[in-house]
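Reviewing the structure listed below.
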4 protein chains.
Amino acid sequence: MVMDKQPPSESRPGRKRSAESRMAILVAAFELVGEIGYAGLTIEGIANRAGCGKQTIYRWWPSKAHVLLEALAVKADLYITNADHGSYTDDVRAFLEDTFRLSRQQRVVDILRVLMAEAQINEEFGELFRSSFLQRRRDALQVVLDRARTRGDLPPRPTASTVLDIVFGTLWYRLLTTRRPMGDDLVEDLTATLTQAAQHPTNTAIDLGDQQ
Amino acid sequence: MVMDKQPPSESRPGRKRSAESRMAILVAAFELVGEIGYAGLTIEGIANRAGCGKQTIYRWWPSKAHVLLEALAVKADLYITNADHGSYTDDVRAFLEDTFRLSRQQRVVDILRVLMAEAQINEEFGELFRSSFLQRRRDALQVVLDRARTRGDLPPRPTASTVLDIVFGTLWYRLLTTRRPMGDDLVEDLTATLTQAAQHPTNTAIDLGDQQ
Amino acid sequence: MVMDKQPPSESRPGRKRSAESRMAILVAAFELVGEIGYAGLTIEGIANRAGCGKQTIYRWWPSKAHVLLEALAVKADLYITNADHGSYTDDVRAFLEDTFRLSRQQRVVDILRVLMAEAQINEEFGELFRSSFLQRRRDALQVVLDRARTRGDLPPRPTASTVLDIVFGTLWYRLLTTRRPMGDDLVEDLTATLTQAAQHPTNTAIDLGDQQ
Amino acid sequence: MVMDKQPPSESRPGRKRSAESRMAILVAAFELVGEIGYAGLTIEGIANRAGCGKQTIYRWWPSKAHVLLEALAVKADLYITNADHGSYTDDVRAFLEDTFRLSRQQRVVDILRVLMAEAQINEEFGELFRSSFLQRRRDALQVVLDRARTRGDLPPRPTASTVLDIVFGTLWYRLLTTRRPMGDDLVEDLTATLTQAAQHPTNTAIDLGDQQ
DNA sequence: GTGTAATCGAGACGGTACGTCGCGTCTTGTT
DNA sequence: AACAAGACGCGACGTACCGTCTCGATTACAC
């Protein structure tokens, strides 16, 4: 997840970027947002906590949201496995359960919420957030769908695009509104809804009966 | 949608609240957010445009988001019909299409996005936004579900709670990430996914019997 | 000491001025200036303490300093006797000692200081303060000087005008700078200085001659 | 006349105080108080006129009166010579005439009046005004008195302390009440009153003996 | 080694908006 | 008409951060 202004690449003269300062800033931002909330988070506050000058933050990140996004990437491994579990249904369930597990970390959830919020308000950050975070999550689930299509157990409905919208829509909606993650029942219900046609295209009635 | 600090009710001495100022403030906020965006919107700017003092805003609303929420309620009729269209499938499709139509108003969509954003950042506003806006939308769709259950064409899966999460999740996810509303294809795909069991009327009687 | 905007004089229709409110306002102003100081004194604060509306204050006094001046007149008897003590020297000493005694009331002194201050800043109040307070004090001492001239023990120097300037100048200077009144020694020293020629009339001619 | 918060002295890191801003602020304050008066003078107005931020003023001065006091020190050379004119009488007359000349500058007089006023209202400023202005003036005249004592023509009465009170008392009283400075006649009259005993050298020796 | 160049901390700077306070005015209903 | 109450337009307050700009003081590469 690259968001620095200048990937140095070629060798330049002059002092090198301080790795200590970078980490101190990311840690300070991560801690502060947990202590005083995003509304109270300021560049000045981060600089104070990190023991660095404001300029050092402005040099490398354009906004506090950018700092926080990188801090999240450093502090939390956000990437969810999409290993093959043998069937489309099991893959989807596993994906949802992985996400569910991740969203138990309240600190991480809180940061995701405010980053999504900031993406609505700050156009430039929105661009980055969509391309470097949201799209990556879609890509991960897309792999599951592609595998199902190859395997042959992908139901004709809903389309892949709709599945992505439903899955991430439901996830984010819960995050943003109830502030609590999906529960086991919702995981199960959602998995069934998205995959029921695939499981038994001919005998919907029986499935329904079993599920009761 | 009541959000004023003091519903006066009984007759008190002193000058009454100015209806002119209230409307001027709501109109100014609505216009300004369209012209300069939410990030640039300030209480000071609203007061200037409205030709009133800042105190008059602070007296009645605790934040610019509260002003905007009331402005939205005044400027836009947000409430979507949930009239009976004869079947669950048609009711759901109508609800989604109504929403789709509403979300063609870019100004309204932009405000909804930033209000959802603010609800993540400002705890107090989040409370109000959930209770006075989000919950009402859920209630409206709940009526459709209740009618379907009574009518007898509500599929056993997904549960009502899951349907609400999926519908509003997908709606908000599109709003917040692509910034463009659902298209006809998504409406159709989503409707089918949520009601596909209902499309097999032979099972419906049995399901209903089980559910009761 | 009249400073009301409208001496009612003739009989007008409508409700009469409330004597209770007037006294409550004057008392509140007097108390508040002692508790929180002149800088913190506000019309709103006076109105709250007095249990009256702000308009009632604005109706009768143009500024908080005007209120305070009237409050002082009501609360403190500022007028110093200038009774005949038989000689110019004793009259002057008595006048100074009276003033000294008055200036033991710290509350009164504090108010006089801030009224003099306000008179420098607020042109309109300055006018009133000079004519209705300062001039009256000068007039009182002038009586002493006139009596001495009649009696024949008024030294030719300093002139009456200079005596007034020296006496009140010294009084006010002590008030404004040390915040403590003249002591006995200063009273005695000042009396002697102003009247010494009177004590040694034979030198006067020589002095005058020398000074020319 | 030092009134800055931090005499930097030792070398600190960070940007240095801007001398341009300091002068721009002092000039703006001096001009504005002449144009709109002290009551209308605001920190905000000074900052606008000076083309600087408000914080730059608050960083270095605690109130508009402090700014004005420093502005006065920069704009006007307030210090009056106390050179030796050969006799106590001539020294006192010269001191008074110097002051008289200074007080022809209406702008300077107006500022002195409001600073004395502010010193009554603002405790902290009063402290500074007394110690950094009033006391220095007293010290200057004290030099004249000390020289007279050394020289031997200081009259026994009034005491040095009383002379200071009378001189500055009369000066300030005229300033604060008539708003016009002492005239030639008052200078002469006051000089004579304070020095008349000195004109009788026969008494001086005895008096001096007593005083020692 | 000795420039030259970039980064670092610190912190002053010109700004902008904050949320509050008090001003003096203006209803509103009561006395 | 005056009164208590209190909302109003207004303007300044003093504060908090913004993002920029000196400042010495490091570092590091290039000569």
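Naming: A, B, ... by sequence-line order, numbering from 1 per chain.
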Report the distance from atom [atom1] of [X] to atom [atom2] of [N], rounded to the nearest whole Å.
X	N	atom1	atom2	result
D:L41	F:dG11	CG	P	17 Å
A:I46	F:dC17	CD1	P	12 Å
D:I57	E:dG14	CD1	P	9 Å
D:E124	F:dG14	CD	P	12 Å
A:L32	F:dC17	CG	P	11 Å
B:N48	F:dC8	CG	P	17 Å
B:R12	E:dT30	CZ	C1'	16 Å
A:R59	E:dG9	CZ	C1'	10 Å

What nucleotide, of F:dC3, F:dA4, E:dC8, holds the atom closest to the side chain of C:R17? F:dC3
With the side chain defined as heavy atoms from C-beta on, D:Y58 is closest, among F:dG19, F:dC13, E:dC23, to F:dC13
Regarding D:G45, tell me which of base, sugar-phosphate or nothing describes its non-hydrogen contacts under 4.0 Å with the strands shown. nothing
Upstream residue (5' side of DNA chain E) when D:S21 and A:P13 are each assigned their closest nucleotide: A:P13
Starting at the 5' end of DNA chain E, which residue's closest nucleotide do you reach first, C:I43 or B:I43? B:I43
For F:dG24, does either OP1 or OP2 sit under 4.0 Å from a side-chain N or O belonging to D:K16? yes
Report yes if a side-chain nitrogen or oxygen of D:W60 is closer than 4.0 Å to either non-bridging phosphate oxygen (OP1 or OP2) of E:dC13; otherwise report no. yes
The answer to which of A:E44 and D:Q55 contacts DNA chain F further toward the 5' end, by nearest nucleotide, is D:Q55
Reading DNA chain F from 5' onward, which residue's closest nucleotide shows up sooner: B:T56 or A:S63? B:T56
Between D:L115 and D:F133, is any pair of side-chain heavy atoms under 4.5 Å apart? no
Could [X] and [Y] be called an ion pair, given the rule that one side-chain N must be under 4.0 Å from one carboxylate O?
X	Y	value
B:E44	B:K64	no
C:R49	C:E35	yes
D:D110	D:R107	no

Looking at the base of F:dG14, is there any donor atom on it, or on the side chain of D:K54, that sits under 3.5 Å from an acceptor on the other one? yes
Between the base of F:dC21 and the side chain of D:R15, is there any donor-acceptor pair under 3.5 Å? yes
Can you find a side-chain donor-acceptor pair between B:Y38 and B:E118 that sits under 3.5 Å? yes
